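These numbers were taken from a predicted model, which means no experiment stands behind them. Reckoned from all heavy atoms, side chains included, excluding hydrogens, waters and symmetry mates.
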Amino acid sequence: MAAPLGGMFSGQAAGPPPPPPGLPGQASLLQAAPGAPRISNSTLVDELESSFEACFASLVSQDYVNGTDQEEIRTGVDQCIQKFLDIARQTECFFLQKRLQLSVQKPEQVIKEDVSELRNELQRKDTLVQKHLTKLRHWQQVLEDINVQHKKPADIPQGSLAYLEQASANIPAPMKQT
């Protein structure tokens, strides 16, 4: 069905990469966590992949298409999804633990990342402010043009029809909104 993650990228050998260095006594992403039911030589990533494949397989299984009991189908799919969610939580917990280790061991790295994120946010907001200022200037100019047009009563030709013709000729066409 789906190719294993090990050989997905070119130049990468099939199979799990060597385990990353970790603190003594701590489970790595490539090793089974203590107390958790694991298949031998299985990793969190492998289990996450296999549980995802099981979820997908349960949704497209011919057994379910051929008309078995709807409650049985629902129960099987729910179990597969629950297993996937549990392993996804364990994987998230692993990364959160690694993030905590990094913040303790190298707090300057976390500060650098925060500063970089704040700079990107400021740049994004500055761009948005400039966009709004451009629109504001445009509409201020439109309003000023309309006000100038209405303040010239001496230039208005006599008669109501001539006034309407001149007023409608000076109104700018509506702009398309983007």
Side-chain angles (χ1 to χ4, degrees), residues 1-12 17 20 22 28-29 44-45 47-60 64-65 70 73-74 77-178:
M1 185 182 304
L5 292 175
M8 186 178 286
F9 301 105
S10 62
Q12 184 180 20
S28 78
L29 186 61
L44 276 175
V45 172
E47 288 186 33
L48 186 66
E49 181 183 9
S50 65
S51 66
F52 176 75
E53 289 173 355
C55 287
F56 189 71
S58 69
L59 293 172
V60 297
Y64 295 144
V65 173
Q70 291 296 320
I73 294 169
R74 181 173 288 120
V77 170
D78 286 345
Q79 287 175 348
C80 288
I81 291 172
Q82 190 59 45
K83 180 181 178 190
F84 174 75
L85 292 174
D86 289 342
I87 295 172
R89 284 186 198 104
Q90 291 173 12
T91 306
E92 180 183 22
C93 186
F94 169 80
F95 283 109
L96 290 173
Q97 288 174 348
K98 289 296 179 183
R99 180 73 178 169
L100 179 62
Q101 285 178 358
L102 180 65
S103 69
V104 170
Q105 294 172 351
K106 297 183 179 183
E108 68 279 357
Q109 182 65 31
V110 174
I111 292 172
K112 285 179 184 178
E113 289 175 7
D114 289 344
V115 167
S116 175
E117 287 175 14
L118 288 171
R119 283 186 180 143
N120 289 338
E121 182 71 14
L122 279 173
Q123 184 178 14
R124 185 186 69 80
K125 288 184 177 181
D126 283 342
T127 304
L128 188 62
V129 166
Q130 290 303 320
K131 179 182 171 186
H132 286 293
L133 284 175
T134 303
K135 287 181 180 181
L136 180 65
R137 286 186 197 110
H138 167 74
W139 287 111
Q140 284 175 336
Q141 185 62 41
V142 168
L143 288 174
E144 186 178 309
D145 291 346
I146 290 173
N147 284 338
V148 167
Q149 177 183 342
H150 290 292
K151 290 183 180 179
K152 295 182 181 179
D155 296 341
I156 298 174
Q158 298 300 323
S160 60
L161 185 56
Y163 172 75
L164 288 174
E165 287 175 353
Q166 183 182 7
S168 64
N170 292 330
I171 295 176
M175 295 182 56
K176 290 184 182 177
Q177 288 190 353
T178 57

If you apply the rule side-chain contact (heavy atoms from CB on, under 4.5 Å), what do you find for Thr127 with Lys131, and how did you get there?
CA-CA 6 Å; Thr127 304; Lys131 179 182 171 186; 5.8 Å; no

side-chain contact (heavy atoms from CB on, under 4.5 Å) between Gln130 and Asp126: does it pass, once the steps are laid out?
CA-CA 6 Å; Gln130 290 303 320; Asp126 283 342; 5.5 Å; no

After noting the C-alpha distance and the side-chain angles of Thr91 and Val45, does the key distance pass the side-chain contact (heavy atoms from CB on, under 4.5 Å) rule?
CA-CA 8 Å; Thr91 306; Val45 172; 5.6 Å; no

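Leu85 is listed as a side-chain neighbour of Arg89, based on a closest heavy-atom distance under 4.5 Å. In this structure, the side chains of Pro107 and Val110 stay at 4.5 Å or more apart for every pair of heavy atoms. A heavy-atom distance below 4.5 Å is found between the side chains of Val129 and Leu133.
When every heavy atom of Val77 is checked against every heavy atom of Ser58, the shortest pair comes out as CG2-OG, 3.9 Å. Nearest heavy-atom pair, Gln90 versus Leu44, reported as atom, atom and distance to 0.1 Å: OE1-CD2, 3.3 Å.
Every residue was checked against the side chain to side chain donor-acceptor pair (under 3.5 Å) condition with Asp78, not counting sequence neighbours, and none meets it. Under the rule for a side chain to side chain donor-acceptor pair (under 3.5 Å), the partners of Gln82 that lie at least two apart in sequence or sit in another chain are Asp86.
Rounded to the nearest 0.5 angstrom, Phe52 CZ and Ile81 CD1 are separated by 10.5 Å. A distance of 14.0 Å separates OG in Ser51 from CZ in Phe56, rounded to the nearest 0.5 Å. Note that the CG atom of Leu143 and the CD atom of Gln140 stand 8.0 Å from one another [nearest 0.5 Å].
Residues in residues 111-122 take part in these salt bridge (Lys or Arg N to Asp or Glu O under 4.0 Å) pairs, two or more places apart or across chains: Arg99-Glu113, Glu121-Arg124, Glu121-Lys125.
For CD of Glu108, the number of neighbouring non-hydrogen atoms (other residues, nucleotides, ligands) closer than 6.0 Å is greater than 12.
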